[in-house]
Amino acid sequence: MTTWGKLRRGRQRGTAAGGALAVVLVVVGGPGEAVAAVRNAPPERIVHELMSTDPGGSCGWGEARTYAAQLPQLRVEARDPDHVPPVAEKVMVQFQVAWQDGAGAERSYTYDTGYKSPIPGTPFTHTVTQPPSGEPQIPSDAVIRWDARAYDGEAWGPWSSDGGAGRCEVVLDSVRPGAPVVGSVRYPDDGVWHPGGEAGVFTFSVADGDSDVVRFRYTFLGETSKSVAASADGTASVSWTPKRSGPFWVEVESFDAAQNVSSRTVYEFLVS
């Protein structure tokens, strides 16, 4: 079930949101004696190590936030102290997704999964969805913030971001970076034959003002492609030596953090 609305800490179901309610049975013993027995403990807080996005990867925020080229699937695992074999207590997970729309207003919704056994390796998932038609959409380059909590039918566990923990963040980036610019002092692409026999340095840079390029993929003469990481200013350099005379070329593509790939640049040069 998906619930849309203003940013809030989620709907309440049966108990106070995030409450640590335990149902207590009072068993009367001898005269004046009472023994308290805890029948139910709330699910545990979902830890960041058990939270991820696909695409994107592990949970992070701030400088450690991840990137996705499409609306990601959110994945968590839940734990419940009452789920101890042979007791097979099941839980559901509530996701809360928040972002800023194109006008800078805060938007959010919650989504409830079905019930499953909270055992290691069992994921609870939700794919982030756009709001209904007519409502402000999740824009490209939006920072999607999300957290989750579990419910065992009687009590909510705390939100994954409770206790000062951060909310997982993933940047939606569906825009392809510009084609890379390639240059070489030793072997320029100028239609002129240049003496060979020595290594040339080929520089790849960011095109069209793109600042989020993280790596370049390149291949000389259609050989096995290789990758090189871009520096903070969006540039990278590789060294390559022609083995003979003739026309040569290198094909280069740029990738951003969301793994969007640019169109291919073909750089041609002549070696005598």
Side-chain angles (χ1 to χ4, degrees), residues 1-27 35-54 56 58-62 65-66 71-100 106-129 131-132 138 143-170:
M1 178 183 298
T2 303
T3 302
W4 300 88
K6 296 181 180 179
L7 180 61
R8 60 191 187 284
R9 301 303 291 172
R11 294 181 294 119
Q12 299 182 10
R13 181 194 298 254
T15 67
L21 174 65
V23 177
V24 177
L25 298 179
V26 178
V27 181
V35 179
V38 177
R39 192 186 75 190
N40 180 72
E44 299 173 4
R45 181 176 70 85
I46 299 173
V47 297
H48 293 136
E49 290 77 11
L50 298 179
M51 305 174 69
S52 64
T53 60
D54 182 23
S58 59
C59 170
W61 56 91
R65 64 173 59 121
T66 57
L71 291 174
Q73 182 187 73
L74 314 180
R75 300 170 61 89
V76 306
E77 290 185 28
R79 300 288 187 266
D80 189 330
D82 294 329
H83 184 82
V84 179
V87 178
E89 181 168 271
K90 295 184 178 182
V91 303
M92 56 156 272
V93 167
Q94 183 177 77
F95 292 92
Q96 182 167 248
V97 182
W99 70 96
Q100 286 188 345
E106 288 289 330
R107 303 285 175 178
S108 74
Y109 71 86
T110 59
Y111 174 83
D112 297 344
T113 70
Y115 282 84
K116 296 181 183 179
S117 295
I119 59 177
T122 299
F124 293 78
T125 64
H126 166 59
T127 299
V128 177
T129 59
I138 303 175
V143 178
I144 299 171
R145 308 182 306 280
W146 66 281
D147 52 2
R149 61 178 179 172
Y151 179 69
D152 64 7
E154 294 185 16
W156 287 101
W159 287 102
S160 56
S161 58
D162 282 359
R167 303 182 74 188
C168 302
E169 295 180 345
V170 56

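The structure displayed is predicted, hence computed values, not measured ones.
Under the rule for a side chain to side chain contact (heavy atoms under 4.5 Å, CB included), the partners of S117 that lie at least two apart in sequence or sit in another chain are H83, K90, I119. T127 pairs by the side chain to side chain contact (heavy atoms under 4.5 Å, CB included) definition with Q73, not counting sequence neighbours. The side chain to side chain donor-acceptor pair (under 3.5 Å) test applied to E77 returns R79, not counting sequence neighbours. For T66, the side chain to side chain contact (heavy atoms under 4.5 Å, CB included) partners at least two apart in sequence or on another chain are T53, V170. Scanning for side chain to side chain donor-acceptor pair (under 3.5 Å) contacts around D82 gives an empty result, with sequence neighbours left out. Listed by chain and residue number, nothing satisfies the side chain to side chain donor-acceptor pair (under 3.5 Å) test with H48 (two or more places apart in sequence, or in another chain). Contacts of V47 classified as side chain to side chain contact (heavy atoms under 4.5 Å, CB included), with partners at least two apart in sequence or in another chain: R45, E49, L50. Taking E169 as the reference, R65 meet the side chain to side chain donor-acceptor pair (under 3.5 Å) condition, with sequence neighbours excluded.
Nearest heavy-atom pair, F95 versus A148, reported as atom, atom and distance to 0.1 Å: CD2-CB, 4.1 Å. What you find for A165 and S160 is that their closest heavy atoms are CB-O, 3.6 Å. Across all non-hydrogen atoms, the minimal contact from A150 to A78 is CB-CB, 4.2 Å. For the pair D152 and P42, the tightest heavy-atom approach, listed with the atom from each and the gap, is OD2-CA, 4.1 Å. Shortest non-hydrogen contact noted between P43 and P158 is O-CD, 3.7 Å.
Put simply, CD1 on I46 and SG on C168 are 10.0 Å apart, with the number rounded to the nearest 0.5 Å. Atoms CZ and CH2, from R167 and W159 in turn, are 7.5 Å apart once rounded to the nearest 0.5 Å. Note that the CE atom of M51 and the OG atom of S161 stand 8.0 Å from one another [nearest 0.5 Å]. Rounding to the nearest 0.5 angstrom, the gap separating the CG atom in L71 from the CD1 atom in I138 is 5.5 Å.
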Y111 and V128: side-chain contact (heavy atoms from CB on, under 4.5 Å), yes or no, with the steps? CA-CA 9 Å; Y111 174 83; V128 177; over 6 Å; no
Could you go through K116 and F124, starting from their C-alpha distance and side-chain angles, then the distance that decides it, and tell me whether this counts as side-chain contact (heavy atoms from CB on, under 4.5 Å)? CA-CA 8 Å; K116 296 181 183 179; F124 293 78; 3.5 Å; yes
Verdict with reasoning, T125 to T113, per side-chain contact (heavy atoms from CB on, under 4.5 Å): CA-CA 7 Å; T125 64; T113 70; over 6 Å; no
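No side-chain heavy atom of H126 sits under 4.5 Å from any side-chain heavy atom of W146. Counting heavy atoms from C-beta outward, P131 and R107 have side chains that stay 4.5 Å or more apart. Looking at heavy atoms from C-beta onward, R149 lies out of side-chain contact with D162 at the 4.5 angstrom threshold.
Y109 contributes a side-chain N or O that, together with a main-chain N or O of T129, makes up a donor-acceptor pair within less than 3.5 Å.
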